Structure formats: structure tokens, C-alpha cells
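So the structure is just underneath, and the comments pick up after that.
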4 protein chains.
Amino acid sequence: MKETTMYEIGHLINGETSLQGKAKQDIYNPSTGQADGQVWLAGETEVADAIAAAERAFPAWRNTEPVKRARIIQQFKVLLEANADRIVELIGQEHGKISHDALGELKRGIENVEYAGYVPELLKGEYSKNAGPGIDTWSEMQPLGVVAGITPFNFPAMVPLWMYPMAIACGNTFVLKPSEQDPASALFIAQLALEAGLPEGVLNVVNGDKDAVGQLLTDDRVKAVSFVGSTPIAKSIYSTANAHGKRCQALGGAKNHAIVLPDADMDNASSALIGAAFGSSGERCMAISVAVAVGDECADRLVAELQTKMKDLKVGAYSNPDNDFGPLISKAHHEKVSAYVDGAETQGAVVVVDGRQASDPQYPDGYYFGGTLLDRVTTGMTCYQEEIFGPVLCIVRCPTLDDAMALIDDHIYGNGTCLFTRDGEAARYFSDRIQVGMVGINVPLPVPIASHSFGGWKQSLFGDLSAYGPDAVRFYTQRKTITQRWPSSSVREGASFSFPS
Amino acid sequence: MKETTMYEIGHLINGETSLQGKAKQDIYNPSTGQADGQVWLAGETEVADAIAAAERAFPAWRNTEPVKRARIIQQFKVLLEANADRIVELIGQEHGKISHDALGELKRGIENVEYAGYVPELLKGEYSKNAGPGIDTWSEMQPLGVVAGITPFNFPAMVPLWMYPMAIACGNTFVLKPSEQDPASALFIAQLALEAGLPEGVLNVVNGDKDAVGQLLTDDRVKAVSFVGSTPIAKSIYSTANAHGKRCQALGGAKNHAIVLPDADMDNASSALIGAAFGSSGERCMAISVAVAVGDECADRLVAELQTKMKDLKVGAYSNPDNDFGPLISKAHHEKVSAYVDGAETQGAVVVVDGRQASDPQYPDGYYFGGTLLDRVTTGMTCYQEEIFGPVLCIVRCPTLDDAMALIDDHIYGNGTCLFTRDGEAARYFSDRIQVGMVGINVPLPVPIASHSFGGWKQSLFGDLSAYGPDAVRFYTQRKTITQRWPSSSVREGASFSFPS
Amino acid sequence: MKETTMYEIGHLINGETSLQGKAKQDIYNPSTGQADGQVWLAGETEVADAIAAAERAFPAWRNTEPVKRARIIQQFKVLLEANADRIVELIGQEHGKISHDALGELKRGIENVEYAGYVPELLKGEYSKNAGPGIDTWSEMQPLGVVAGITPFNFPAMVPLWMYPMAIACGNTFVLKPSEQDPASALFIAQLALEAGLPEGVLNVVNGDKDAVGQLLTDDRVKAVSFVGSTPIAKSIYSTANAHGKRCQALGGAKNHAIVLPDADMDNASSALIGAAFGSSGERCMAISVAVAVGDECADRLVAELQTKMKDLKVGAYSNPDNDFGPLISKAHHEKVSAYVDGAETQGAVVVVDGRQASDPQYPDGYYFGGTLLDRVTTGMTCYQEEIFGPVLCIVRCPTLDDAMALIDDHIYGNGTCLFTRDGEAARYFSDRIQVGMVGINVPLPVPIASHSFGGWKQSLFGDLSAYGPDAVRFYTQRKTITQRWPSSSVREGASFSFPS
Amino acid sequence: MKETTMYEIGHLINGETSLQGKAKQDIYNPSTGQADGQVWLAGETEVADAIAAAERAFPAWRNTEPVKRARIIQQFKVLLEANADRIVELIGQEHGKISHDALGELKRGIENVEYAGYVPELLKGEYSKNAGPGIDTWSEMQPLGVVAGITPFNFPAMVPLWMYPMAIACGNTFVLKPSEQDPASALFIAQLALEAGLPEGVLNVVNGDKDAVGQLLTDDRVKAVSFVGSTPIAKSIYSTANAHGKRCQALGGAKNHAIVLPDADMDNASSALIGAAFGSSGERCMAISVAVAVGDECADRLVAELQTKMKDLKVGAYSNPDNDFGPLISKAHHEKVSAYVDGAETQGAVVVVDGRQASDPQYPDGYYFGGTLLDRVTTGMTCYQEEIFGPVLCIVRCPTLDDAMALIDDHIYGNGTCLFTRDGEAARYFSDRIQVGMVGINVPLPVPIASHSFGGWKQSLFGDLSAYGPDAVRFYTQRKTITQRWPSSSVREGASFSFPS
């Protein structure tokens, strides 16, 4: 971790970096607890300028052939790979992720860039010859215009890449508002996109707070909004955007359960759970935060395996690649996670492994929280009901698979879930019935690959269409259906073209 | 038209007809101006019963194989064709459409039933082998649960058939609330659907007023709402449904312009416009209500042709198949349409053909309004700005195609539009740029066929997904993505299955 | 079974029944061994007439809208259901299948008719807006012209329905040559297709022998040939058709193995195997004729279960619905099957259950052959290497799944196969690697549903595209790609349309 | 053009360059008429080694995730762009194309590489949940194994890129046999593919003559063959490959007609025709070699415009970028083209512009042939009936569009065609009815973009599936359909997992 003088993060508007706004706000390095930089919060002018730039860029971009748009996206991918080290460092510095984890995030983001590069295939409309007598009908999926994206702190590089590569590949122009807690990587990446050949104004980044968000949601020129964050905000974003005539997809929180059946490969399951529960300090909307063991014997085996394996877990600064995971994002969040564990203890959970006292000796002010295992958690406990967003895994015990599934279906969230088993029938029974959008069978983080779409059910997603993949193409385009008939033709049927007799 | 004693229309809940509710309301025969029947307005109990019935029916219906669901839908189509005469009569009686027009409506509805019968093909998910090492990923498009549909008076048979056949084919159960102005055909048709084999509770019909609508929009058990009506109501339905956690698509009003270029086949264009402007008394959201002629010479020729051809238009009671179109839906609506024409005259439009005094001598109390042609209409006039929903065609004159297109793009609606020309370049220029969802080239009513989707842009549709066709499949299903890996296999790799040595 | 005077089966050419040809041949009732009817074998004239009729019908049929063609196909389905009893009787009489089996065959055929009815969806081309600057490109899947189908005796109703409903729905016209051993049901069904509304000449049937086949394969007007039969004939048909400029798909023989793992649900597996091995007397290209048990203990359990359950098997005349299966198709075939069992015994197989002496006391001349179970079959035996096409199940014993799979991959056929297990990993390992086109997991006859396609690998299918389902759409159409650009437009850009200044 | 010592071209087998074979053959530089290099003709050993290498590489490559295969293809694209200058030089040297034309060829090839990079999307199977009760069915498009490609001299870089990028992306391994007349660019490009990350043996190149071709067509390990060349060879390749159990697509010759209607933008049409007729010396299977003018007045205008514009045409050595096109491929071919023009003159055609005496003063031995315009060509002339494959444009005069279309439909080829018009109806009439696979409207070389497929009709293509685009995915994969049901589950239903009571 190199010493830096206080750096400044601004906006990217119409192809220009802009260091101005209504105020500046500190950016903390969670590994040290120090504020190393500052981010400019966009005022009304900056947001308006970004939208205006995007609007100006739209007509020419819309008319650019899909294959040419795709080539810029493909070149963007090349630049992302070439600059991976720099991006990983920026993520680590501001978010606290260890390099292997940050690189994993970036790779997932690049996958979405790749998929957006397939857009000449993805934008194909459907053509019906002879829809009626002499009538043909076809569909064109046209871009919407200016689209906005509002993204969370926990995947500062990946989540923006879920959104704008596809939005732009479809012919839209874009305004991104990243999290003000870790804005550097998103801004750097956007600059690479321009370098890859995006014309001025096609992609703009504004940093800001909720005023900027509010302005994006209410400006008539913005036609659609993609959001990822917590459920209460997602809900509010969704209704505000809709009330202002925009289409919106807003992804919220989660409480992902894994179920472990007695026939599971327990070594595999426990290793998988440790990665899924504690990776990135549990600050993932696809983290497994509850493991439901079916049968007490299975639960005992599972807890024992976890307890043993958790001894090897290393928490510490992002700059040490030997660490398994880094600090939480902020002091405030650290206090919140601690309070959940304290509450769980009070409410009767057994703290099998306690991460509350974790620290990195080199960085005593970092926001470190160790992997925590809570056994005998019940549905009445706060640690069960709410999303903790920290490295805390709750064990719930259930007599049957049906009971375990009922737990999941009774929860307000429906983002991800996983079943550990070797049994084909159990896998199908579970995946068919469970009220969750993304289901893993022996895959603890069933984040769909880029050619499928990401979306939870229930309070985990507001909107009809999921993020990225095929649904994103539909979200970022509007359907136009053309019905065409040609009447009499003077040139074809006319006598004047006959040879003179 | 046969004499009838006062008939009663109730509800269809859990397979049973129910004649009860909070009140009864008269149903008028617009051709005679007489109230011939009464409709029961559902109270809270009836609506709740319908929803409960649909919810009970859901689990078994969801698990029924798509091919079996499709067969019931296919059988439903057979019954619709066998009962066409009866349906046409019911539509005519309550709505006033002439039989040829009512039959046209029914046929369009049947097309949507046919398309819903393709559901084994339409529900296919996408399967990615080796999404990761030893990992497969696929998508299942699962039904939502209970879905509601709220439909308008102007297509009492067709619009419900846009909705529930596909919703049901996808595995949902349904509660339909038809227009209380002409509820008989929708109820009769729903009974045919049950007769075709739908299990009890899969399709329910409640008649009612805005209280019933409100209840459908706020009950948690209803997961999605499809609506067709006017724009202010569509907007309100959309935001209420969203606020209550439902997905919603709400189709609103229109002001569809046709543009006539000087090279158009004028005989064909003028005939097409007469059908599109006056058919069904202009009470269609796809009716052409404005014709924009490019160039004064073109305008003069167009007006002359229209004036001549309009002399043959016959308005009168639905029961006479020689009539071209029938009465307006109600006395109140007749007054409203008259007021638009009066206003246009006052604001300077030239009333070339005046339909205000139309009548059917046999039925002096019918709500007849003749085909009306207004020339030299300008964008400042109320008759131009608002949707009249009557047999009134406004002529606007423009110097160039670009000017004509600007008119359309400046209007708040974006449902349908049409260009009359013989020129390939003009057609492409227009269809590419115009901000309208459904575009006709020499096709005045570019209602997409059932294998495409119906949806306007701007204030004509609230929601991401269009009605019927491929978009309806996406609207009535939620995406579930399964990611599967199988760990060690004791049965395959185990030594115990070797021959003893 | 009713007494009939000798009936005559002819051709269906241009909508007319034709009783003529180069000769007549007896049709035997395999349940009685009596010749009850005669079939006319088409001479050169009849075949030429059928092709000519199809060619004449093509231009108008090709231009008929897909939705209208689909409606005739849908009506055809209604008539097939209404006439199921009659069809089942015709199949039974000439082929010997028991009514439940014949009805099963018919239902599978009707599924393919249903799928062909989806053709407005299936024929959609792909539309690429802005393929280049101002250039659009789209594909149209156009019909080929006259298509021929040549079908086998073992599914006299179903296999023709794999072919012509889709070929015709795609806009082609058709000449069918059914098996001359049991031609009645195919002819009757074709008459229903005409009754459903097919114009004259769109579907023609010629009965005949290999001369008729040869003529169909060499006439230039025939553009494509679908064939189902034995492998040597399939291979010859394929090369002859190709040499005469036709596209061809030719399905041949099979030797379908099921593998039983020790963890299988043995009750379920053994019941499934009995149905799959002996149903329709094993005269199915998807019949299981080899069961490979993994491990001797598993083999012993399997043989014991099969032996017990086979005691209840009833073989007898088609007219008794209590029978499980009926006679073989002919005396000659009976002798051939007997010889295979004799040879197996000689070569060292253990005849656990012997069906060679089976008979129906009421019909001593029927071609009955009882369910036969051969244990300890090895790959060197003729009964293992060749397709028996009779009710004979061979048991092979293997130490591991890999050994069992190697057996399958070493065989020349690759039509269908099945694995019995409860283990998810074993299922995926098997289905991924096995060199067979249709794979069942606990499904012994993995005949794909109509919305998927039917096709084996290796010597079981010659051609790129499988039968029915999506591949059939591709097979029965030729791709046309249109690339369109519009140059200057006098009407849009011309000054003459401006207002005079 | 730099002086070179005699260079040697060998093979690329299992990742190694191999300079050996049964003999060497001279490679001529058509611009100078000098032999500058030599190519090794593979003997039996080299071909067998290449096939063996491909077969060894197959199992691991097949199991590599599609997304990883796609990434190598994407990297291949990056390398192709980086090495464009070198490739263009190699093409020019051996084929004679001017650099702008060679670059155009390369870009078209790169488009196909791009499309192959979309393979994670293109390989998706179809998944049908509940195909039956508790039964799921899905399709997997599995690779075939070793695939061979045999490519022509006229597009030495592009045509190989139509084939192996997609074949390999689909999981196959490949043996390419390029034209021995200009093998250098194909070999160089293949080396880039290895550099991009293809494992050894996945892509192999053997140079050779017809013995090598014969060996590829008859070796059992080769599962499919793609060919582009002349029609007689295509036909023979197709039947030989089929007879040896391979799937095959074989593209042959063409005689592409453009029709000019009197309303066409004549300036645009004549310029387009000059490019399409003379570009690459007419050595393109999509070249326009016949222009049919409708009406004598139209013909006179067209001939006049062409004659004027042809004055500016510059033919000469590939090394001068000011030249419009270069020499023919060989001395023998030059003589053949000359003979066609001589014959035309004898048979009565008017030689409006005569290119027979063209030369490049700097390279008197080059095979130059100037743009040639023949008017009043009739269908009886040899120059009309046969493919000349030189810079010769024939003008045919017709009274009506229908007559012009009849000419095209009567020709044995059906590769490409084009209509010049402004009229929407004429365009649709033509594109719907014409018996040609690739149709341009005002686009003289309607080569489909990479996301569509390339294929002619009639004698221009043997096989069901077109080259590149979606059809190539189907051609290079075999369909496997899995039908899965899970029986009883001990782990899910078993009592042993309940809490002890």
C-alpha cells in the first residue's frame, strides 16, 4: 500500500474530467481507517450537464451500426484486461477487498462487457413474412435515449459493468452515479471506455449524493434507471422513477440460505460455505448468510467442519494477498455488524466462532471483522430476519427439506439460495419450488454467467426484467413493430417500360 | 335485434356463476338508447373470493405440463369459433358494433388464443452446458401466481383475450374485471374457457367499478396487473400496482397520425383512411384520427377523395349488417364527441363532412354520430391535442415529411402511425425515426399480428413490456436461473461396484 | 376383430382417391396371419401424377399466409382426435398393435401436428437493422417446393405425422409413400388432412414398392426427402437423394442400451425396462434391447425382478386390450427373430425367459413372439451386434459405468440410451459423454417431445438435421437473406412538395 | 513489392510448422508472373498426422467451457487486427489483390471471427421444464470431433475464417486445406490463432493437392467437411463426404445477375455495378457478371454510364494502391477469360469496353485483364451460360421485370442477385419470388453480415445449412436431447432425517 497525498475524484462529463460540485466528501481507506482522498459531490449543474451531454450524443450513437458499437465494447474489454492491476488496486484501496477478490469482481464485470459485445446478435428483431396477404411485419428493438445507473459500494467495478456496456451497446447513452464511498475504480474504468472509442457524451459519470440521485430520477430526459442497493432505497427509486415516466429495475437486499442435506459431500459443502459466507466480508448481495442443516446429525457435522476450517481464515488489509478477506466498508457499518452479533448472543444464538475482535496489527484503525459462526439461530432473531452484510454465518437446524424450504419462502427476500446434495430428485424438487430467483445446486454463489440474467424475487428486485444478460437487452430497448404493405407499383407494372412495338 | 327481458350479468368465481354484489348498474344498448340489462358490481367479498379461488387453483395449475395447458387453450379456440355468432351478437347489443366489425374483433382475439396455444415452444428456457468447469446453468420461466386484467369497453371480447389466455398458458391463474358498460361477451367467453377444460378457479371474472379495481391493485396475492384504458387511469393503475409490489403493464390513449406523401396510391390511401378513422365509430386506440398531407396539392386531392367516399358511409344500429359502423357507447360520450367538433369549428377548422346530426330513423334514441371530416386543423386546436374517440378525422397540412414527423413526435402519445407512399427510402426513413411503437407502411391500422407484441410509446404505455406476443410471455413469467454442479459421486466412482477379483 | 371382405388401398393424388397401379399386393393381418386386403403398388404414372399435383399446388400454397396454413393444421388435429378410434383400429388390424399402444402412437403423432401448428412463430426470420450504414438485412425461411416422405411399417400413423404436417405448414407440398405392409391408417389420416382444408395436391399419398421410392429419389421436381427405416436402406436413400440434388434426412436402425446403476430404484427400473423392451413387440427404433447392469449384484437383482414381472406379460391379438403387446409384423420377421434367439443360445447366452413358443390360442396363425430375456450376453454374440426388432432383451454385465458406456460407444448405432440412477453426478457424467443422440435419465424411451427434435447419432441418422421439432423447420425451408439499402428518394427530399413561396 | 528469395510454405500440424511432403509446387506472383515461392504438397503421412493431432486435441477442447474458447477467439481477432498489414501483403503477393481489396477481405473474415466469439450465446440449448409429469427435457449442441475445411484461391484469408473460428468455438478441432495457389496468408493467420491461445492440435493446416482432399474426405476420423470452390468439385466433394459418413456443406459457382429498373438511381446503380463486376478482377462468387436492364431506354442509359465510368478503371500490380484491381490468378485462367470474350464477340455480343489488351507496363508478364463490357448478350451465348470468373460484365436487355426474373430463375446457379429500384413494391415482389439465396435491393454484393449466413440456392450450394452465421453453429454441432426424470429420493423423503421423537 503506497502512501498517497490526498487525491481528488470528480466527474466525467462529455468526455472531460470535471473537478467541481456542490461540496467535497472524504473517501476512507477501510484497511487503515484513514481518509486518503476526496470525492466531489455533483450539484444540480453537473448532473444537468451530464444528462445534456448524453442527450446530445444520442442521435449519432443510435444510428451507429450495432457492429461498430460492439467493436468499441470489445476494445473496452481489451483495455480492462490490460489495466486489471490498476483497477484491482483502486478497488482494494477504497473498498478493502483483497486483490484476488477484486480481480474476481473485475473478471465478472468483464464477462458482462464481453456479452454486451455480442449485440449484433442480441439486437436481432423478428421478421414475419406474409403476416397478412402481401403484408410483412417485423420488430426493431430501438434504444431508449439517456439511461442512468446508480450503483453500490460493494462491487464498485462490477455493478456498473452490468449496466452501461449493454445499455450503450444497444444504442443508448448513459449517466453513471457510482457509490461515493469508493468512486475511483468506476471513474477510471469509464475513462478506459472512452479510450476504447466511445464518442464524447455517450458515457458520463457523476459522483454525488442523494440529491444527484433525485435529479436523475426526475429529469424528463432520462428514460430508464438501473439501480442496485438496499431494499428500502430500491423500492423508493423504483416508484420515483416510474412516477416520472421512466422504466426502472431496482435490485435490493438479500438473505441467502444454503440448505445442507445429509447426503451432501460435507467437505465440499463446508468449504463452499466458508467462501460464500465470508468472502468480501459478506458484503455481497449473493453471500450465503444462513446455512440450514437438515437433521441434527448433519448440523453437528457441518458446524464441526466449519469451525475447523474457519481457524485458517485470515482477515486483514487489502494489500496483503495472503488475506482471505479485508475490512468492512466503514466504521459505522462495523458497529452495525457488531450489534447484530451482540443481539444474536442475547437472543440465544450460540457464538461458535467470534469475529468481533479481529484486527490487523499493522493497521489498528482498519474496520476489521472476523468470520463469525452463529449456531442454533431461530427465525425470531434479528440476526436471522435482517440482512447483516458482514462475515456472519447463521446455522439453522431443520428436520426436513420441506421445513428448510418453508423458511426460505417465508423470508421477505428471494435473491439466491443453494442446496447441497448428491441426489437428483432432491435437487429438482428444490429448484422447482423454491421462491428464489437464483438457485444453486452445490454452487453456493449461483451468480448467473453473463449470458444469463441476474435477478432475485420478492423484495430483492423491483421490476419485470432482471439485470444483465438477455433481460438487459429487453430493458435497454423499446420494441417498435412495423407492418408493411406495398400497393400498386407503377415501375413494375407500368406499360411504359415495354419495348416499343 | 330481438326483444329481451332485463338480463342480469354477474361474476364467474371458482367455476361458479355468482349473481350478487354491492349494487346493480344498468347496461345500455347504444343502438336503441335503452337499458336492457343490469350488471352486478362486485363488493369486497366477491373480489376477495375471486382472488382466493385463483390462489387456491395456482399450485396444481402451475405444475400442469405446458403441453396440457396448451391443449385446453387450443380447445378454447375451437369453442370460440363454434360460438362466434353468439359472441358477435352480445358485443353488438352492448357495444353497438356491426356484426362484421364485432367478428373482426373476435377473430383478432382468437389469434391471441392461438398464440397462447404455442406455449410449449414459448416457455423454453435457455441451457448453457459447461457454464463453468462441470457446471451447467439454465433458466426456467416460472409463472407468477394470481394475475389480474382490467379491460375497456371498446373491445369487450378482444382485449381480455390479449391477456388471460397467455397468462394462463404460462401457468398463472387469473381474475378478469371487464368494462361494466358491456360485460356480457367477456363473461360468456370466460365460460367457454372453463368448458374447454380449465380447472375451477384458474379463470375468474368479477364485474365491478373502481372499488373492485382498487382492491385488485392492492391485494398482496395479486402478483401482476394488465390494464388497457385511458392514459390518466393507466398512469394511476401503474403507480398503484407498483407501489403494492406488483408488476404492471398499463396501456393508455392515442392520437394516431397517418402521413400521406404525394406519390401515394391515393385511391388506396383514402379508402384505408376511411376504414381506419371511422370503423367502430373511431372508438379504437389504433384508430387514425389525424391525416397529415404533405403538400397542399396532395392535401386537396386527399380531402376530395375522402369527401366523395364518405358519402357512402352508413351509420346505424348494430343489427343491420349493411351499416358501416354503429352508435357511440353512451349518451355522455356522444355529447363529448359533439363538443369536440363544435370546438374545432369555433377554433377555425373547416367542417368538410359533418356527422353531428346522424341518426338511425328506426332507433331515434341511439347514440349515433356520423363520419366527420375536419380540414385545416392546426396543432393548437383541442380537437388535435386530445383523443376524441369518435368518428372524426382531422386533416393537417404540412410542407415536408420532416414537418409531418415532427408533429407526431411532439404529441404526447406514441401508439400507432402510418405512412402512405410507394417510395422505399421514405418508408425506411419514417419507420426508423418516428417515436411511435407501431408503425404502418400503407397499413393504416398497424396492429401487430399475434406473434408480435402490441405496445405504444410515450404516454400510450406504462411498463417495459408490451401486450400479447413474445413480450406477454416475459410479462407473465418470472425468470429463475439454476446453476448446478455435482460433486463426488459415490455410486459412479465407488469401488464397491467392481467385480470381486 | 370384425370379418371383412378383401379391402383395397390405393393412392391419394391431387385430392382424389386412385385405385390403380402396376400391381396389387396382399396386406396381412399379423394377429390372424390372414391376408385381409390388398394395396395397389404405384407405377411410374401414379408417382409422376402425385409429384405433378404437388408441384402445381406449390405456388399458391407457398403464398398462403403461415397463420392460415397453421389453422388448417390445427383443424387437422381436431379431426385426428375425433377419429382416433377408427385410426387405432386400422393400425391394429394391419400392424398388430394393441389399442392402448396404437393410441399412444397416434397421440405422439398428434403432438407433432400441434407443433406444426405453431408455424407462424417457428418461421420467423431474423432482422438486423443497420447491418451497415443505412442497410438492413433479414432472413426469410422459404419453402423448398415438393417434398417426399418414405415411412416404415412400425409406426404407420406417427412417422408420417413427424414429416408432412411441418413440411406443409412451412409452405411445401408433399408426396408420402407409407409402408406397403400397413398402409391403411396413413391413407385414412391423409384424407382427414384434406378434410381439414388442405387444397388439392398439397398432400398426396402413393403406395408402392422400391420402384416408387426410386422414382421419388430421382425426380428433379422433388426437392427434399425424409426417410425412416433400416440403416442400410437409409444410407442408400441418403446418397441417392443427394446425388440427385435433394436434401435428405434418413433415419436408420438402433441398438439402444439402458444402464442400471446399483443405486437405481430397481422396482422402477425393471418396470420401465419391461415396457421399453417388449412394448410394440420391440418393433421400435427406440426400444431398449440391451440392459447393462453395473456390478454382478445389481445384475442379479435386475434379472430376478425382470423374470418375476415378465410372468405377467400377455401377448396376443391386437383386438384384445388386455394384451400387453401383439404379434410381429410378418411370418418372415417372426422367423428372423426366432433365429436370433436360437443363435444367442448357441453362442452361450442364458435364456432366462423364452418367448419363442408364444401363441394366441384363438389365432393359431398369428405371428406371436413372447417376451424373451437373455442373460450373460456378450458383445461377440450376433444378438448383441444386430438390431433384432423383436421382444428380446439382452442383459450384459459390466464392472463399472465407464465399461458400460464404452460398450455403447463401440456400437455402430447411437439412437437412444438410458441410465437408471438416483445420483446427479452419474447422470451428468453419462449424458455429457455418451455418443448417443437421445439420452434418458430414468426415462427408458427418451423420445423427445414434439418441441424438441428426434435424431440419433452415428449410423442411426444420415443428415445434419434431426426429425420433427425445431430441426424440421430448418430442414423443410431454405434460407434467403435479403440486404436492402434505399438510395436517394425523390418523393421525400424533392423540392416539388414544398409549399410554393 | 520487395524482392524475395524463393520462400517455402509447409504445414501446421499439432502446433508445429512442418516443411515436408510428397512434392513441392511453385507459387506464382500473378502481378509479375514470376514464381516467388514453393508450397509443400502433403503426402499421406502429413494428412494423417494432422487428423491424428486434431483427434488427440478433441476431448480436452470439447470439455473447455465455451466462454474460455470464445476468449481465445476474441484474442485471435485482436491479433488479426494487429497483423493486418502483413496479411494484406501476403494476399496481394500471391493472389494479386490490391491492398484496399485485400483489407476488405480480411475485415469480412474478422467479422466472422467476432461472431464465433459470441459462442456462449450461440450454443445455448433449449430447456423444457415439465415436458411430462416430473420430466424435463433439454438439448445440448455438442461438437462433432475433427472437422475439415477446403478453401479456394479467391479469398485465401476470408473463406478459412468463415469456417474454423466457428467450428473451433463450438468445440471441434480442425484441419484446413487452403488453396495451393496462394497458401501463405492462410498459414500465417493460423499461426496467429495458435498464438492467441489455441492448444496444440486444435487447428492444423495442410497444404496439398487433390490427394490430400481425397484423404480428408475418406478418413473416418473426420466428421464434417466445409468446402468452397467450383460447382463440379463441390458436387463431387459433397457426395464423397456423404458416402463416407460425414456431414458436408459444399459451396459452388455462381452467375449473379443485377436487374436495373428504369426508376433506379442510375448514377448509384452504375457505380455499384462497376465495383461489383470488376472488383477483385471478378474473381468472386458474389461478383455481378450480368446486368439486366428493363427497357431499352434504361439499357442505353446504363451502358452509357458504365462506359463513361469504366474509363477511370485502373488495373495493375497489387503493390500500387491506386489500382482498382489486379491481375487474374494465373496464366491459364487469363487465357480462359480471354476465350470467353472472344467467343462472345463471335456469338454476336457487342464489346463496348474491351479489356483483353490490358497490361501493367512495369510488369509485362503479369496476368492483367481489363474491365470488359459486353452489350446485347443473349442467353444462348457461352459467356452468359458459364461462370467466367473475370472482370467481364454482360448486359442483357429485357422488356419487363418478370422477364428479367425468369432469366435468373432459368439459370443453374442461385447464389446472389440484386435489384436497383426506388420502388417498395418492386423490391418486395423481386425478393420474395426470385430463386436465389442472397438478394440485394440496391446492394450489388449482398454478402450477408456475419450474424446472418451465406448460402446460395440451386447448384450454388450442396447441403442443408449455409456457411457461417447461425447455420454454421448448427452445422458444426450435433444435437443431443436429454430427457430426465428422478424417481423416489431416499434423502429427501426418508424418515431417517427427521428429529428423533
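Scope of the values below: all heavy atoms of this structure, side chains included, with no hydrogens, waters or symmetry mates. Predicted, not measured: the structure shown is a model, and the values here were computed from it. Letters go in sequence order (proteins before strands), and every chain restarts at 1.
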Has the side chain of [X] got a donor or acceptor atom that lies under 3.5 Å from a matching backbone atom of [Y]?
X: B/Lys235; Y: A/Ala243; result: no
X: A/Lys480; Y: B/Ser431; result: yes
X: B/Gln142; Y: A/Asp432; result: yes

Looking at [options], which makes the most heavy-atom pairs under 4.5 Å with chain B?
options: A/Asn242, A/Asp265, A/Thr417, A/Ile449; result: A/Asn242
options: A/Gly245, A/Ala131, A/Gly463; result: A/Ala131
options: A/Lys458, A/Gln484, A/Glu126; result: A/Gln484

Practice prompt. Could you tell me whether the side chains of B/Arg433 and A/Asn63 share a donor-acceptor contact shorter than 3.5 Å?
Written response: no
Worksheet item: Going by residue number, which parts of residues 436-448 of chain B are within reach of chain A, meaning a heavy-atom gap below 4.5 Å?
Response: B/Val436, B/Gly437, B/Met438, B/Val439, B/Gly440, B/Ile441, B/Asn442, B/Val443, B/Pro446, B/Pro448
Fill in: Side-chain ion pair, A/Asp471 and B/Arg474, N-O less than 4.0 Å
yes
Worksheet item: Yes or no on side-chain contact (heavy atoms from CB on, under 4.5 Å) for B/Arg479 and A/Leu461, after CA distance, side-chain angles and deciding distance?
Response: CA-CA 12 Å; B/Arg479 181 184 288 274; A/Leu461 186 148; over 6 Å; no
Non-hydrogen atoms of chain A under 4.5 Å away: do they reach the side chain of [X], the backbone, both or neither?
X: B/Thr477; answer: neither
X: B/Asp464; answer: both
X: B/Phe475; answer: side chain
X: B/Ser239; answer: neither
X: B/Phe420; answer: neither
X: B/Ile434; answer: both

Discussion item. At a 4.5 Å cut-off on heavy atoms, which part of A/Tyr238 comes close to chain B: side chain, backbone, both, or neither?
Written reply: side chain
Worksheet, complete the sentence: Residues passing the side-chain hydrogen bond (donor to acceptor under 3.5 Å, both in side chains) test with B/Ser271, sequence neighbours excluded, are B/Lys309
Discussion item. Only pairs of heavy atoms separated by less than 4.5 Å count here; which of B/Lys246, B/Gln249, B/Arg62, B/Glu140 has the most with chain A?
Written reply: B/Arg62
Fill in: When B/Arg247, B/Lys223, B/His452 are compared by non-hydrogen pairs under 4.5 Å with chain A, the top option
B/His452
Discussion item. Within this structure, what is the CD-CG distance for the pair B/Gln478 and A/Leu465, rounded to the nearest 0.5 Å?
Written reply: 12.5 Å
Worksheet item: Got B/Ser453 and A/Thr481 here, is their nearest side-chain heavy-atom distance under 4.5 Å?
Response: no
Response to the item:
Heavy-atom closest pair (A/Gly424 atom, B/Trp486 atom, distance to 0.1 Å) is CA-CH2, 3.9 Å
